K.L.:
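Here you go, one structure.
Every chain is numbered from 1, with letters handed out A, B, ... down the list of sequences. Source: prediction; values computed, not measured.
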Amino acid sequence: MPYQIIVCGGLAPDPLQTLEPVPGAASPGLKNEMMLPGVLDPWASHALYEAANLAKQHPGSTVRLVSLAPKAKLQQVLMTVAQKLPFELMALDGANNGFSDANETGKALGEAIAKLDPPMENLLVFGGWESATRGSGAVMQIVAERLGIADVFLAVDEIKVEEGGSFLVKERVEGGKHMVSRCSAPPAVLAWATGNLAEPPNHPQTGMANMRVIMPSLQKATPTAVGSGMSFASASLPKQVRETRIVKDTSAAEIAREIAEWLKQ
Amino acid sequence: MATTTSTSLPTLKTIPGDEIRQLLWRFEDRYDLAMLVQSVRAVARGPVARLVASGGRLSHDWTPEKDALLPEYDAAGITAAYMSPEEGGFLEGPKNFAMALIAFELAWVDAGAATCSLAQHLALSPIHERGTPEQQQRYMSLAAPAPGRKTFRGAFCLTEPIPYVGVETGMLGGRVRVAYWPTEEEMAAGKEPILEVSKRGRFITNMGFANFVTAAVDTDDERIKTSCMVILEETDEGTYDRGTPTKKLVHQLSSTSDPVFNMKVPASRIIGGYRIEDGKVVPNHDHSSVIEAVFRRTRVGVGLMTSSKLLSAIEPLIRYHRDRFRGSGAVTPGTPRFELGLQQKQDVTHRLLEIWAAGEASASLGFTTARLFDELDPLEKTKTAILAAHGIGGGMAEFKALKKRQVEAIEFLDMQDHLESLRPKARYQALAEDVVVQYVILDATANVLCPATKLWNTGYGSHMMREAVSLMGGYGITEDCPGFLSYKWMDTQLEATYEGPEAVQRRQMSVTMTNPVFLAQFRNWIHEMRRVASHDPGTGACTLASAMKLWTWTLDHLQLAKDANGTKLYQSNRQGVTFPMADALCWLLASRAQILDVERLAAEGPKNPALEDGLDGTVQFLRDLCHMQAARAAGEVARICTELVYGYLSHPSWTEPGCGACLSQNDLVSMEALVPGASGFSDETVGEGGVHETKAGPCAVHPGLNDFAKLRAKLEACMTGFQLAKDRAGDSLTKVMIPAALDYPQ
């Protein structure tokens, strides 16, 4: 069965950058956030790779990325993402970062997807279970609610389509185990963990083909204001502690024991 | 703090990213190029960087690990970027700028990887520029990666008599002879002469894996009229010996060896084709004309490799300087020593700024030149067609025809320098639309900018790369130095040599920079810099304009002047005069390109909302770098011009007749009696017994050079403020946010 796969994905600052929370007018932000290079949120990226893989296995399927992000930043990020796999884009031009309200973000994404009026019988909505930008893990569930989709899977690592149209979904649970569920048919929302796929290599020819469609979509990005329904008392980086001691001829077991003791302190 | 400034001007917030670079180098609307950059970057900072970090450079041989990079280049579009879509590529239009970006991105990590990519394009360039349609179709298509077949890879072979290594097209090694001349019947049936090609190469890049070679060969066979370039394939009859690896010390991720060829190929392998006249094979292009067309484009990429290294050194150096004392128990967090490290002192910030400014200027010059060639390529093709329609088919006839059009080109440039309202509109429009006239202008500019990029970027860049290594202390000369700085430093020496060492570039510039069309253009650029200075005085554009004025005055003077022995100063054999003038011009061109790029960023940047937060600080910082670089350029130009203008005059001596004008003590006493204080105006005096002051002779005075002295004095005064700019930029350097870690190897 060909699927209509819609992937929700926002931006995150490049993880190698220095990320320093600073107070903002309405909510905190990151220092120089707009000037920092961005990436497609790694959790959403996994979802996108899985979507493309699934689409490849089911000819006739389409993949659409719905992204709520500042348009200019998104354009730069697409210069890499668009080279990796074929997809279409629906851009929502709005400020969105790690301090955005998950409810408002979910609402904006859900409404945008609803406007596409996708046929429910083959709709799969993908996204990241978490986010590299202080994710709440709630956005995809809110999107599902907005779209009226009852089958929601969280922390997904694998989807396997069976004959007859049902599919198995592997979700991460406690203790490094997976829970396997069978879903009889779409629609469903899958919030992905890391999946099992490697990052596809860049392929400029794919990028060129994608961008011919993506650039006009980007130009037509809908301005989307994401409201804030919450306030932040403070935001700060986790404390880093560095204690250096130079020793010789210490066994691995001894080093491990010392680290464990240090952690307990 | 390293610097103290009372200004409240904005400072640099982050290291300039892709959005800034796209605007500076004018490809913000080219998503094809933006994607290419990302694709190449992923290869450079991934597999290439990992190989360097794991010691891949420590071998002369072409190892399996190095060979594994080739499919990475193919997959990332690097190999196909040179081809047009119908040949298997994906970029439309001219490719000079795209090639420049590839070289820049690869060299950010390792220039040997960049050379490996560039050499493939270099091998194809003779075919691309001068090949027959059949040759172009075959080799460009085979060299474009495609699923299910091996990519055909090439090498370019031009070697002066071995064992030496270099580019001297007039001293060609290798011979082509006729091995078999078909009978008339065979000719009528389409059989071609068979050529025997014998050539030994030296330091030939890509030779470890090349499937074909484009080789330059001379001839001593009377049945072949001129030298030519031929294509040799590894499966052709004869010896295709890849030779032993060259024991080079740099660019170790490229394959180089000293091959031997002794092969038989059909005459159709002559690049550009041939004709039979009077029982002789007459190549349509001799080897020089092919190579000239090739090198004038590919040299730009080599120049940009060094620029890339300079800019790549900035982030690791800032991190090293800041972190220098962290981890020591004696330095506690929150103290200036902990937060700023070596940046507490002005020396490291100022020296790093000089590296940064040089990197920006050289990158601006290189990308300006690459863009110029993208403009030139289509014009060149149209020009050739127009001239051909008039029965002018290249060579000296074309040279003469183009020379005739120089008058109109200069006329156009003169009009361009005037206000639009003062231009004769119809005439201006006609010349603007005249392809040949526009070609003459762009060609004259390219003939200067290309060697200038190669010469200055690599020569001065090499010097500044050493500075970068030194700023890393002992860490800089270790294999694990972040950013591989010591490798990069060594590699710059090859870049200064590759595709023609400094002397070749200087020689070319010494001729092309006196082209009246270029000089007309250059005069316009002086006015252009004054205009920039009038609305953005902080860029150093006015300083630069004064330096440009001094340079033109000096060139005019040197072309007419003679030395103390009556020998003409500006002549081709007098490289002590011509070469320094070429060097001086390079400084000016680089600084101008840098200023124009920053001006563009200031104009276009506000249109990108992603830059809203930090654009002001970035522009201010980059302008300060421009100011620093303009002052540095002005200083170099002033020094060079002064040396040349005065240096060939003989110093007066005490024994010369002119010394009779020296005043004695009695003369001075008499003068004082008549006009008190007048003795103070006398330059030279002679004491009792004819004893002079203890010095070489009377001080040299050259009334005929007063104009020069005024221009130089003005230039020196124009340097006002550049040290303030440096202090300001230094302040930014202590505050700029850098990533938490270097992004390679990944």
K.L.:
When you compare the side chains of A/Q76 and B/Q38, does any donor N or O come within less than 3.5 Å of an acceptor on the partner?
P.N.:
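B/Q38 and A/Q76 do not have a side-chain donor-acceptor pair below 3.5 Å.
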K.L.:
Determine whether a donor-acceptor pair (N or O, by modelled atom type, separation under 3.5 Å) exists between the side chain of A/T18 and the backbone of B/I738.
P.N.:
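Yes.
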K.L.:
Can you tell which of A/E20, A/K71, A/M211, A/H203 has the highest number of heavy-atom pairs within less than 4.5 Å of chain B?
P.N.:
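Between A/E20, A/K71, A/M211, A/H203, the count favours A/M211.
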K.L.:
What's the separation between atom OH in B/Y31 and atom CG in A/N210, rounded to the nearest 0.5 Å?
P.N.:
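One finds 10.0 Å between OH of B/Y31 and CG of A/N210.
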K.L.:
Does the side chain of B/T14 come within less than 4.5 Å of A/L36's, by heavy atoms?
P.N.:
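SC-SC contact between A/L36 and B/T14 confirmed.
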K.L.:
Do B/D32 and A/M208 come close enough that some side-chain heavy atom pair is under 4.5 Å?
P.N.:
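In short, these two side chains touch, coming nearer than 4.5 Å.
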K.L.:
With side-chain contact (heavy atoms from CB on, under 4.5 Å) as the test, pick out the partner of B/E19 among A/M35, A/M34, A/K73, A/Q75.
P.N.:
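Exactly one option meets the side-chain contact (heavy atoms from CB on, under 4.5 Å) with B/E19, and it is A/K73.
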K.L.:
Between A/Q83 (side chain only) and B/M35 (backbone N and O only), is there a donor and an acceptor less than 3.5 Å apart?
P.N.:
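Judged by distance alone, yes, a pair lies under 3.5 Å.
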K.L.:
Could you state the interatomic distance from CZ (B/F90) to OG1 (A/T206), rounded to the nearest 0.5 Å?
P.N.:
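It comes to 10.5 Å.
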K.L.:
Without swapping roles, check the side chain of B/S39 against the backbone of A/N202 for a donor-acceptor pair under 3.5 Å.
P.N.:
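Not a single qualifying donor-acceptor pair exists.
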K.L.:
Which one of A/A72, A/G207, A/P204 has the most heavy-atom pairs closer than 4.5 Å to chain B?
P.N.:
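Highest number of heavy-atom pairs under 4.5 Å: A/P204.
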K.L.:
Let's test your reading of the structure: which of A/L19, A/T80, A/D14 forms the most heavy-atom pairs below 4.5 Å with chain B?
P.N.:
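Option with the greatest count: A/T80.
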K.L.:
What part of A/K31 is in contact with chain B, defined as an atom under 4.5 angstrom from a non-hydrogen atom: side chain, backbone, both or neither?
P.N.:
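Both the backbone and the side chain of A/K31 come within 4.5 Å of chain B.
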